[in-house]
Amino acid sequence: MAIQKFRKTVLFEYIQIIFGAALVGLAFTIFLLPSRLAAGGVSGISTILYELFQFNPAYVQWLINIPLLILGVLLVGKEFSMKTLVGTFFVPFVIWLTTDIKLSVDNPLLSAIYGGIMLGVGLGIVYRANGSTGGTALIAQLVKKYTGLSSGFSQLLVDGLVVVTSAFVFNFELALYAMMAIYVTSKVIDFVQLQTSPTKLVLIITDKEEKVQSIINNDINRGLTKIKTIGGYSNQEKTMILCVVEQSEAVYFKKLLQTQEPTSFVIFLNASEILGRGFSRAQYDEDDVK
C-alpha cells in the first residue's frame with residue numbers, strides 16, 4: 001500500500017526523470033560517442049561537433065538545449081514544467097560526469113543495439129514520468145507548427161537530417177548503424193511506456209459459443225466478451241468472442257481450438273497495450289486487497 005502511494009507522488013516522478021536521464025547520458029558516453037554514432041537529436045549533433053572540433057559534448061548539449069527551451073516557450077507556447085528543466089539539465093550533467101569513464105564500446109553494431117536499448121529505457125522512464133529531455137523534439141514541434149506536418153514525420157525529418165550529416169562527417173556505414181540505433185530506441189521507448197508484454201487479441205466467430213467459452217474459462221482461465229454478429233455469406237446469426245491472452249497461452253489456445261472446435265473462424269492479432277482490471281492477475285489481486 002505504501003509503495004503504491006509513493007509511486008503516485010511527484011517526488012517519485014522526479015526520481016524517475018533523474019534515473020532515466022542518467023541512463024540516457026550513460027548510453028551516450030558508453031556506446032554512442034565512442035562508436036561515433038550520431039543517432040539523431042542533440043546528442044547526435046554533439047557527436048558530430050566532437051568529431052569535427054573536439055567540443056565537449058556536455059557543454060554542446062547545454063548550449064543547444066537552453067536556447068531551444070526558450071524558443072519553444074516563445075513560439076510553440078508549450079508549458080514547460082520543472083520536469084522538463086530537470087531532464088534537460090541532467091542528461092548533459094551525467095555526460096559531463098562520465099566523460100573520462102573507462103567503460104566504453106567501440107563496436108558500432110553492439111553500440112547501435114545496446115546503446116539503443118539503454119537510450120530507449122532511459123527515455124521511456126522519463127516519458128512515463130511526464131518529463132522530457134528537451135532536444136530536437138522542440139525543433140520538431142516548430143516544424144509541425146509552421147508546416148502542418150505530423151509530429152512523427154517532423155521528428156523523423158529532424159533526426160534524419162542529423163543522420164545524413166553524420167554520413168558525410170563519418171561514413172555511410174556508421175550512418176546506417178545510427179539509423180539502427182534510432183529504430184531500436186523507438187521500439188524500447190514504446191515497450192517501457194506501455195509496459196507491454198507479448199499479448200494476442202483473439203477473435204473467434206462461432207456458432208458454438210458455449211463450447212468455446214468453456215475452453216476459455218476452464219483451460220485458459222481468461223475472461224471474454226461476446227458480440228452477436230451476422231455471417232455475410234450464410235446470413236445466419238453467429239457469436240464473435242473477443243479474448244486477450246499472453247503469447248505462451250496463445251499457442252496452447254490455438255491447439256485447443258484446432259482439436260476441440262476446428263469449425264470456428266479464428267483471428268490472432270498483436271495487442272500493444274492492455275488496460276483494465278482483470279487481465280493482469282497481480283493487478284486483480286491488488287485491487288481486491290484494497
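Just so it is clear, the model here is predicted, and its values are computed rather than measured.
Of the inter-residue distances, the one linking Asp106 atom CG with Ser104 atom OG reads 5.0 Å to the nearest 0.5 angstrom. Within the model, atoms CZ of Phe19 and CZ of Phe12 stand 10.5 Å from one another, a figure rounded to the nearest 0.5 Å. Note that CG of Leu203 is 11.0 Å distant from OG1 of Thr225, once rounded to the nearest 0.5 Å. Here the CD1 atom belonging to Ile101 is positioned 12.0 Å from the CG atom belonging to Leu33, to the nearest 0.5 angstrom. In this structure, the separation between NZ on Lys255 and CD on Gln258 is 9.0 Å, given to the nearest 0.5 Å. The line from CD of Gln61 to CG of Asn56 is 9.5 Å long, rounded to the nearest 0.5 Å.
Between Ile205 and Thr229, the shortest heavy-atom distance links the atoms CG2-OG1, 4.4 Å. Between Ala129 and Glu13, the closest heavy-atom pair is CB-O, 3.4 Å. Minimum heavy-atom separation, Leu37 to Pro108: CD1-O, 3.7 Å. Nearest heavy-atom pair, Ala112 versus Tyr177, reported as atom, atom and distance to 0.1 Å: CB-O, 3.4 Å.
Clustering ILVMFWY residues whenever any of their side-chain heavy atoms sit less than 4.5 angstrom apart, transitively, puts Tyr127 in the very cluster that holds Ile117.
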**OP:** Report the C-alpha distance between Glu209 and Lys228 in whole Å, list the side-chain angles of each, state the deciding distance to 0.1 Å, and finish with yes or no for side-chain contact (heavy atoms from CB on, under 4.5 Å).
**Re:** CA-CA 10 Å; Glu209 62 176 278; Lys228 293 299 180 181; 2.8 Å; yes

Original post:
Can you check side-chain contact (heavy atoms from CB on, under 4.5 Å) on Thr239 and Asp207, steps first, answer last?
Top reply: CA-CA 6 Å; Thr239 301; Asp207 51 10; over 6 Å; no

Subject >> Pair Leu224-Leu242, side-chain contact (heavy atoms from CB on, under 4.5 Å): steps then yes or no >> reply: CA-CA 6 Å; Leu224 57 90; Leu242 286 75; over 6 Å; no

Original post:
Do Val202 and Ile267 pass the side-chain contact (heavy atoms from CB on, under 4.5 Å) test, and can you show the C-alpha distance, the side-chain angles, and the key distance before you say yes or no?
Top reply: CA-CA 6 Å; Val202 188; Ile267 305 173; over 6 Å; no

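Of the possible donor and acceptor atoms, none in the side chain of Ser214 sits under 3.5 Å from a partner among the backbone N and O of Glu210. No side-chain donor-acceptor contact under 3.5 Å links Ser43 to the backbone of Ala39. Proximity of a side-chain donor or acceptor of Lys211 to a complementary backbone N or O of Gln260 within less than 3.5 Å is detected. A donor-acceptor pair under 3.5 Å is absent between the side-chain atoms of Thr47 and the main chain of Ala38, judged by distance alone. Proximity of a side-chain donor or acceptor of Ser35 to a complementary backbone N or O of Val105 within less than 3.5 Å is detected. Ser186 contributes a side-chain N or O that, together with a main-chain N or O of Tyr183, makes up a donor-acceptor pair within less than 3.5 Å. Between the Asp159 side chain and the Gly41 main chain, a donor and an acceptor come within less than 3.5 Å of each other.
Applying the salt bridge (charged side-chain N to carboxylate O under 4.0 Å, His left out) criterion to Asp219, with sequence neighbours excluded, gives no partner residue. With sequence neighbours excluded, the residues satisfying ring-ring contact (aromatic ring centres under 6.0 Å, His included) with Phe53 are Phe55. Under the side chain to side chain donor-acceptor pair (under 3.5 Å) criterion, Thr206 pairs with Ser264, not counting sequence neighbours. Scanning for ring-ring contact (aromatic ring centres under 6.0 Å, His included) contacts around Phe89 gives Trp62, Phe93, with sequence neighbours left out.
Within a 6.0 Å radius of CD in Gln54, other residues, nucleotides and ligands contribute more than 12 heavy atoms. Within 6.0 Å of NZ in Lys226 there are more than 12 heavy atoms belonging to other residues, nucleotides or ligands.
Side-chain contacts under 4.5 Å among hydrophobic residues (ILVMFWY), followed directly or transitively, place Leu176 together with Val163, Phe172, Met179, Ile182. Hydrophobic clustering, defined by side-chain heavy atoms of Ile, Leu, Val, Met, Phe, Trp and Tyr closer than 4.5 Å, groups Phe168 together with Val164.
Looking at Leu123 and Thr133, their side chains come closer than 4.5 Å, going by heavy atoms from C-beta outward.
Tested against Arg222 for a side chain to side chain contact (heavy atoms under 4.5 Å, CB included), the candidates Val244, Asn217, Ile216 yield a single pass: Ile216.
Side-chain polar atoms of Glu246 and Thr199 form no donor-acceptor pair below 3.5 angstrom.
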